[in-house]
Amino acid sequence: MNAPLLRVRGLRVTGPQGTIVTDVDLSLEHGGTLGVVGESGSGKSLAVKALSGLLPRGLHATGEIELDGEPLDPDGSAPQWRRIRGSRIVTLPQDPFTSLSPLHRCGTQIGWAVADRHRRAQRVAELLAEVGLPAEVARRHPFELSGGMRQRVAIAAALAGDPQLLIADEPTTALDVSTQAEVLDLIARLQRVRRMGVVLITHDLAVARSRADQIMVMYAGRVLERGPGSEVLERPAHPYTARLAACDPPLDVRLASLPAIPGSVPPPHTVGVECSFAARCALTVDACRTTVPRAVEVRPGHLAACLRIGQADPRPPVAEAPEHGGAREGAAPALTVRGLAKRFRGAPHPALDGVDLTVRQGEAVAVVGESGSGKTTLARCIVGLERPDEGTVEIPGLPAGPQRIQIVFQDPYSALNPGLTIGACLREALAVAGRPASDVAGLLALVGLPADHARRRPRALSGGERQRVAIARALAPRPKVLICDESVSALDVSVQAGVLNLLSRLRRELGLSLVFITHDLAVARQVGDRVHVMYRGRVVESGPAHTVLSAPTHPYTRRLLACRPAAR
Amino acid sequence: MTRQILVFLVRRLGMTVLLLLALSLLVYGLMFLAPGDIARNLLGTRNATPQALDQVRAQYHLDKPFLWQYTHWLSHALTGDFGTSIRTGAPVGRMMRERLGLTAAVSGLAFLLSVLAAVPAGVVAALHRGEWLDRALVGWSVVGISAPGFAVGLILLYVFAVGLGWFPVYGTGSGFLDSLWHLVLPAVTLALGLGAFVVKLTRAAVARELDEDYVVFARSRGLGRARVLGIVLRNAAVPVLTSLALMVGYLFGGTLLAEVTFALPGLGALLEQSVLFKDFPVVQALTVVVAVLISLTALLADLAYLTVDPRIRNRMAR
């Protein structure tokens with residue numbers, strides 16, 4: 001029991017293009033939790049895939065991995081892994097909607113990893129009870145269950161082999177806020193009872209802070225900082241950690257502009273002998289571009305790989321914005337929605353049940369709610385992508401047409417036609433609006449992209465850049481109202497902040513009105529002058545953002561606020 | 001839930017019957033749309049004396065309204081009586097029954113060969129994606145899809161029957177083993193093209209499932225290769241079943257060429273001769289029979305989806 005549960009030294013993952021993960025060292029005690037924090041492209045998922053011998057084809061791992069004192073072969077095809085996977089180390093995937101086979105009953109799937117055939121049914125029932133599900137779930141298929149229940153089934157399946165180490169890869173990202181907390185609590189409880197080690201991969205700093213004893217921050221395939229959870233996030237030593245923590249929008253105050261990190265994460269194999277964050281760091285000096293910083297101990301057990309430690313304060317300055325409150329009372333309405341109702345065939349309750357919404361000129365209204373609350377149906381009805389059963393959508397002063405209202409969707413990866421260059425895509429939108437093709441450069445400049453992006457195709461752009469293109473496309477017909485349907489929720493925090501700042505600048509410069517649909521209360525706080533909270537197709541609470549989100553009156557709003565991971 | 005499935009079945013069956021009715025109406029109507037006088041067409045090569053024409057008009061009730069004629073024909077067709085062949089004067093039903101066995105044997109053999117070879121080949125190709133085995137299998141299936149059936153048939157005949165002498169050049173043989181020996185080449189000709197199609201579809205379906213999260217999760221839980229493959233195959237079954245059902249339709253088109261190439265007296269050869277001779281009753285009968293066959297396969301495929309995929313069962317229940 002003296003050996004730590006997991007000890008990794010010099011773990012490296014290489015692919016056909018070069019090194020993707022470089023020199024990861026970590027150790028985890030029995031029953032401890034390690035949070036691995038990073039944005040997309042940080043290499044965090046590949047690093048832990050290597051720890052369970054599950055690297056995709058064409059990638060190879062080298063280095064030392066020791067599980068409870070026993071050395072493991074970093075090559076996942078080694079026969080040794082057959083008795084390690086499942087019974088010693090198990091990986092819980094992110095999305096419970098795809099991690100279970102859609103055609104098999106839940107009980108069957110949980111039972112697959114139970115070796116003893118005669119005890120299988122009994123063991124499945126025990127595991128279901130352990131994750132807090134009724135025994136009859138065994139007979140159900142995954143599609144009959146909610147996201148949270150599916151994730152519980154997946155956890156039960158993962159525990160069937162009684163592993164010592166659970167690697168949870170973004171286990172709550174695909175879930176609603178209230179379910180997120182439940183699933184994280186469940187993992188924590190199982191961890192205590194079973195004395196199981198947990199590696200929790202997350203992009204969400206608040207989740208890492210509230211759940212992990214140790215935190216490791218990764219960027220472009222390298223570990224930039226690691227140490228005790230509270231230390232790393234309260235007193236970050238690496239500028240990247242500090243900037244990342246600052247990007248996380250606060251819920252209590254509204255900031256004039258959100259601290260964003262300019263640029264995007266470089267592909268790991270392009271990073272040479274330099275600090276991987278040098279290109280985006282405000283504190284970069286010449287030495288940062290010519291040496292790979294070694295991890296140095298800042299405080300006992302707290303390491304950071306930065307040359308400028310002790311020379312500069314890594315934390316960026318922040319400024320609060322004046323509260324808008326009930327501002328813009330005098331402005332004329334830009335959009336009026338009255339009594340909108342919609343019921344989908346076969347649905348147990350209506351998607352929209354008499355929704356009223358008014359947006360004044362230049363105002364931003366945030367609509368918050370969980371999945372199934374009807375917020376997306378509301379957006380689609382307003383733009384005319386869905387026909388409401390009852391109710392009206394009025395945009396005063398303008399005839400019907402694309403000039404009135406435009407929408408920006410959630411996923412910038414599927415919202416752009418991969419076959420069209422950015423220029424062709426924008427020209428198409430301009431042509432529909434009757435504007436000349438020469439306006440492309442102007443549109444790109446408006447969303448903060450260089451004109452030469454017009455020649456590129458979507459796959460050559462990062463997620464944030466794609467979302468900016470989607471916004472430019474929506475602005476082509478010079479709309480008065482912009483609907484943003486979860487437009488930043490597929491983006492990393494540092495990129496999300498940049499897009500939110502862009503939207504707030506567009507509002508000021510173009511006098512745009514915004515309807516911002518989101519599940520994220522902090523984002524709603526930063527964007528919205530007013531907030532509407534939706535639950536089961538109804539607006540249950542609405543008012544100025546600071547009142548609704550700091551002094552909620554409806555129990556549902558209170559529950560949403562209480563479920564935020566940071567609140568624990 | 002069972003009740004809803006029953007409702008679905010009844011509705012689906014009703015749709016099939018309606019579709020077949022519409023199709024038979026169309027097929028029957030085509031005779032009237034063919035160029036020339038119907039009575040003369042129905043007379044075939046016989047002398048078109050006024051008496052003979054009158055006799056044909058009476059025999060086919062051509063003086064009655066169209067719908068009356070159609071229902072008359074249909075009611076007889078339902079009992080298996082499709083009238084008499086213009087070419088041979090024999091009852092169409094009997095002509096078809098005599099030739100059905102051969103066509104069924106060739107098509108059945110071809111279906112069996114292509115399923116037994118192509119589905120495993122597709123699975124193997126998907127499991128070895130990007131490796132030489134995959135490239136070889138996919139390369140061969142491209143050749144199989146592109147090569148026209150009659151050309152493949154001629155090549156097979158030339159190499160294995162004329163050149164090597166392993167198989168007979170033509171004929172049907174007598175007795176089970178001898179018949180089988182005679183039917184191997186035509187069946188292989190058919191199976192090559194169809195099997196290639198199934199290889200590609202199976203490979204695509206299995207490859208897509210292999211990329212799914214649940215496969216990684218299953219492996220991470222320590223499940224063995226065979227177990228994981230079993231899970232994948234069940235999930236890939238729906239597209240594969242679809243391709244097999246579609247195959248039945250192509251099978252009949254293919255068997256026509258194969259039977260002509262190998263001089264086999266099956267339904268395909270009969271169709272070819274009847275079309276060339278404008279033997280309307282036979283063409284009508286064959287078209288309707290094939291339509292019934294294809295509709296029934298589609299129905300069977302739908303039922304197979306129901307047993308394989310609980311989500312489809314559930315959608316039906318709503």
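Letters A, B, ... mirror the listed sequences (proteins, then strands); counts begin at 1.
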How long is the straight-line distance from [atom2] of [Y] back to [atom1] of [X], given to the nearest 0.5 Å?
X      : Y      : atom1 : atom2 : result
B:D211 : A:T98  : CG    : OG1   : 12.0 Å
A:L103 : B:Y214 : CG    : OH    : 7.0 Å
A:I84  : B:S220 : CD1   : OG    : 13.0 Å

At their closest point, which heavy atom of [X] faces which heavy atom of [Y], and how far apart are they?
X      : Y      : answer
A:P102 : B:P310 : O-CG, 4.0 Å
B:D213 : A:S99  : CB-CA, 3.9 Å
B:F217 : A:A154 : CZ-O, 3.2 Å

Practice problem: Check the pair A:Q109 / B:I231 against side-chain contact (heavy atoms from CB on, under 4.5 Å), numbers first and verdict last. | Solution: CA-CA 10 Å; A:Q109 305 205 38; B:I231 303 170; over 6 Å; no
Heavy-atom pairs under 4.5 Å with chain B, option from [options] with the top count:
options                       : value
A:P56, A:S101, A:A113, A:G53  : A:S101
A:R82, A:H104, A:R105, A:E144 : A:H104
A:V90, A:I167, A:L92, A:I89   : A:V90
A:A160, A:S52, A:A158         : A:A158

Quiz item: Among B:R129, B:E212, B:R234, B:E209, which residue forms the greatest number of heavy-atom pairs with chain A at distances under 4.5 Å?
Solution: B:R234
Quiz item: Pick from B:N235, B:V308, B:D309: which one has the most heavy-atom pairs with chain A under 4.5 Å?
Solution: B:N235
Quiz item: Can you tell if the side chain of B:L223 reaches within under 4.5 Å of the side chain of A:R85, non-hydrogen atoms only?
Solution: no
Quiz item: Passes side-chain contact (heavy atoms from CB on, under 4.5 Å), B:R221 versus A:T91? Steps please.
Solution: CA-CA 7 Å; B:R221 281 180 280 151; A:T91 306; over 6 Å; no
Practice problem: Give a yes or no on whether a salt bridge exists between A:R57 and B:E131, defined as a side-chain N under 4.0 angstrom from a carboxylate O. | Solution: yes
